[in-house]
Enquirer: 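Structure below; questions to follow.
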Amino acid sequence: MPHQFPLPIRLLHWTMAALIIAMLFIGVAMVSTAGPAYTALLALHRPLGIAILLLAGIRLTLRIGTRAPALPDDLPRIQQRATRASHALLYLAMIGLPIIGWAMLSAGSYPVRLGAGLVLPPILPPDALVFGGLRQLHALAAFAFFALILGHLTIALIHGFVRRDGVLATMGFARSASIEPAAPGDGDGPGDAVDSTDAPAPGDVEGAPPP
């Protein structure tokens, strides 16, 4: 069982984490901003969302074909299931939220400009009613995504600094030890070393009677 995720998945994880945090801050700023600043933020928001969508698709493809490090044996089964469910929801949000935004802009007849003259095609026909509904859905999904990220970060810190079970290290870049503690007698602990007083003296033959 691997002790860490493969390097490409770890690189994608931290790259996407930086993009998502930037996206959330930009989204919050857009809500309370108007005028030229809003236009500038929107010009950043759209390409960032599409970048997250593309990277999430690549990461999900890699993740499906990758065996994940095992969770600690002492982690309750309900927490293991919650962990897997939260990861599934994170992937759903990373892929679904940009698609909802893209569909919303398409329904509102707004172009999705990525810069340098690159404009994505619309994925929905213009419809003011659909635009309004998707706008509300986009906002609700963004709040839910923010809550998921806070929960994910909290649990990761608990694993890393409270439980110290190696789960956080599976996404790190330092060489990771196994998340399972070594069993007594496996030869890895200081208590497993051979006591010099028990070793046969030079010239002694095991099982030979004393002189």
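Please read these numbers as outputs of a predicted model, since none were measured by experiment. Residue numbers run from 1 in the order of the sequence given.
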Enquirer: Hey, could you give me the CG/CG distance between Leu60 and Leu55, rounded to the nearest 0.5 Å?
Expert: 12.5 Å

Enquirer: Which atom pair, heavy atoms only, marks the closest approach of Pro98 to Leu53?
Expert: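 Nearest pair, atom of Pro98 first, then Leu53: CB-CB, 3.8 Å.
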
Enquirer: Starting at CD1 of Ile9, measure out to CD of Gln4 and round the result to the nearest 0.5 Å.
Expert: 12.0 Å

Enquirer: Check whether Leu140 and Leu89 end up in the same hydrophobic cluster, where Ile, Leu, Val, Met, Phe, Trp and Tyr are linked by side-chain heavy atoms less than 4.5 Å apart.
Expert: no

Enquirer: With a 4.5 Å limit on heavy-atom distance, are the side chains of Ile20 and Met94 in contact?
Expert: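 Side-chain contact under 4.5 Å: yes.
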
Enquirer: Any heavy-atom pair between the side chains of Asp74 and Arg163 that's under 4.5 Å?
Expert: yes

Enquirer: Check the angle between the aromatic planes of Tyr110 and Phe131 and answer parallel, tilted or perpendicular using the 30° and 60° thresholds.
Expert: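 Correct class here is tilted.
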
Enquirer: Quick check: are there more than 12 heavy atoms from other residues, nucleotides or ligands sitting under 6.0 Å from CZ of Arg135?
Expert: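 No, the 6.0 Å shell around CZ holds no more than 12 heavy atoms from other groups.
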
Enquirer: Hey, what do you get for CD1 (Ile50) to CG (Leu118), rounding to the nearest 0.5 Å?
Expert: 9.5 Å

Enquirer: If we only count heavy atoms from C-beta on, is the Leu114 to Leu120 side-chain gap below 4.5 Å?
Expert: yes

Enquirer: I'd like to check Arg46 versus Trp102 (side-chain heavy atoms, cut-off strictly below 4.5 Å). Are they in contact?
Expert: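 They are not in side-chain contact.
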
Enquirer: Give the cluster check for Leu148 versus Ile155: same hydrophobic cluster or not, with ILVMFWY residues linked at side-chain heavy-atom distances below 4.5 Å.
Expert: no

Enquirer: Start with the C-alpha distance between Met30 and Leu42, add both sets of side-chain angles, then the distance that settles side chain to side chain contact (heavy atoms under 4.5 Å, CB included), and finish with yes or no.
Expert: CA-CA 7 Å; Met30 287 172 61; Leu42 186 61; 3.6 Å; yes

Enquirer: If we ignore hydrogens and angles and just use 3.5 Å, is the side chain of Gln80 paired with the main-chain N or O of Leu75 as donor and acceptor?
Expert: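 Such a contact is found between Gln80 side chain and Leu75 backbone.
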
Enquirer: Minimum heavy-atom separation for Leu97 and Ala142, please, with both atom names.
Expert: CD1-N, 3.8 Å

Enquirer: Nearest 0.5 Å, please: how far is NE2 in His45 from OH in Tyr38?
Expert: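 With rounding to 0.5 Å, OH (Tyr38) is 8.5 Å from NE2 (His45).
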
Enquirer: Show the nearest heavy-atom pair for residues Thr83 and Ser86, with the distance to one decimal.
Expert: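 Closest pair (atom of Thr83, atom of Ser86, distance): O-OG, 2.8 Å.
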
Enquirer: Taking the side chain as C-beta and beyond, is there a heavy-atom pair between Pro6 and Leu62 under 4.5 Å?
Expert: no

Enquirer: What I'd like to find out is whether the side chain of Ile21 reaches to under 4.5 Å of the side chain of Ile149, using heavy atoms alone.
Expert: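 A side-chain contact is absent here, since even the closest heavy-atom pair is not under 4.5 Å.
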
Enquirer: Side-chain heavy atoms nearer than 4.5 Å, only ILVMFWY residues, links allowed to pass through others: does that put Phe146 and Phe25 together?
Expert: no

Enquirer: Using modelled atom types and a 3.5 Å cut-off, is there a donor and acceptor pairing between side-chain atoms of Trp14 and backbone atoms of Met171?
Expert: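 The answer is yes, because a donor-acceptor pair under 3.5 Å joins these two groups.
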
Enquirer: Kindly determine whether Phe173 and Leu11 satisfy side chain to side chain contact (heavy atoms under 4.5 Å, CB included), including the steps that lead there.
Expert: CA-CA 9 Å; Phe173 294 99; Leu11 290 173; 3.9 Å; yes

Enquirer: Ignoring hydrogens and geometry, is there a side-chain-to-backbone donor-acceptor pair from Arg164 to His159 under 3.5 Å?
Expert: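 No, because the side chain of Arg164 does not come within donor-acceptor range (under 3.5 Å) of the backbone of His159.
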
Enquirer: Are Leu157 and Leu90 linked, directly or through intermediate hydrophobic residues, by side-chain heavy-atom contacts shorter than 4.5 Å (ILVMFWY only)?
Expert: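 No, because Leu90 and Leu157 fall into different hydrophobic clusters, even though each may have its own neighbours under 4.5 Å.
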
Enquirer: Show your reasoning for whether side chain to side chain contact (heavy atoms under 4.5 Å, CB included) applies to Arg84 and Leu71.
Expert: CA-CA 10 Å; Arg84 296 185 180 97; Leu71 292 171; 4.2 Å; yes

Enquirer: Cluster question for you: counting only ILVMFWY and a side-chain heavy-atom cut-off of under 4.5 Å, with indirect links fine, are Leu150 and Met16 together?
Expert: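 Leu150 and Met16: one cluster.
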
Enquirer: Quick one: do Val112 and Val119 satisfy side chain to side chain contact (heavy atoms under 4.5 Å, CB included)? Show the steps, please.
Expert: CA-CA 6 Å; Val112 182; Val119 179; 5.5 Å; no

Enquirer: Just do the side-chain hydrogen bond (donor to acceptor under 3.5 Å, both in side chains) check on Arg59 and Tyr91 with the steps written out, would you?
Expert: CA-CA 9 Å; Arg59 181 177 169 185; Tyr91 276 108; 3.3 Å; yes

Enquirer: For the pair His152 and His87, name the ring-plane relationship: parallel under 30°, tilted 30 to 60°, perpendicular over 60°.
Expert: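 His152 and His87: perpendicular rings.
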
Enquirer: Donor-acceptor pair, Thr170 side chain versus Pro69 backbone, under 3.5 Å?
Expert: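 No; judged by distance alone, with no hydrogens or angles, the pair does not exist.
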
Enquirer: Could you pull out the closest heavy-atom pair between Val130 and Asp127, with the gap in Å?
Expert: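 So the minimum-distance heavy-atom pair works out to N-OD1, 3.1 Å.
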
Enquirer: What's the separation between atom CG in Leu19 and atom CG in Leu12, rounded to the nearest 0.5 Å?
Expert: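 Spacing of CG (Leu19) from CG (Leu12) equals 10.5 Å.
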
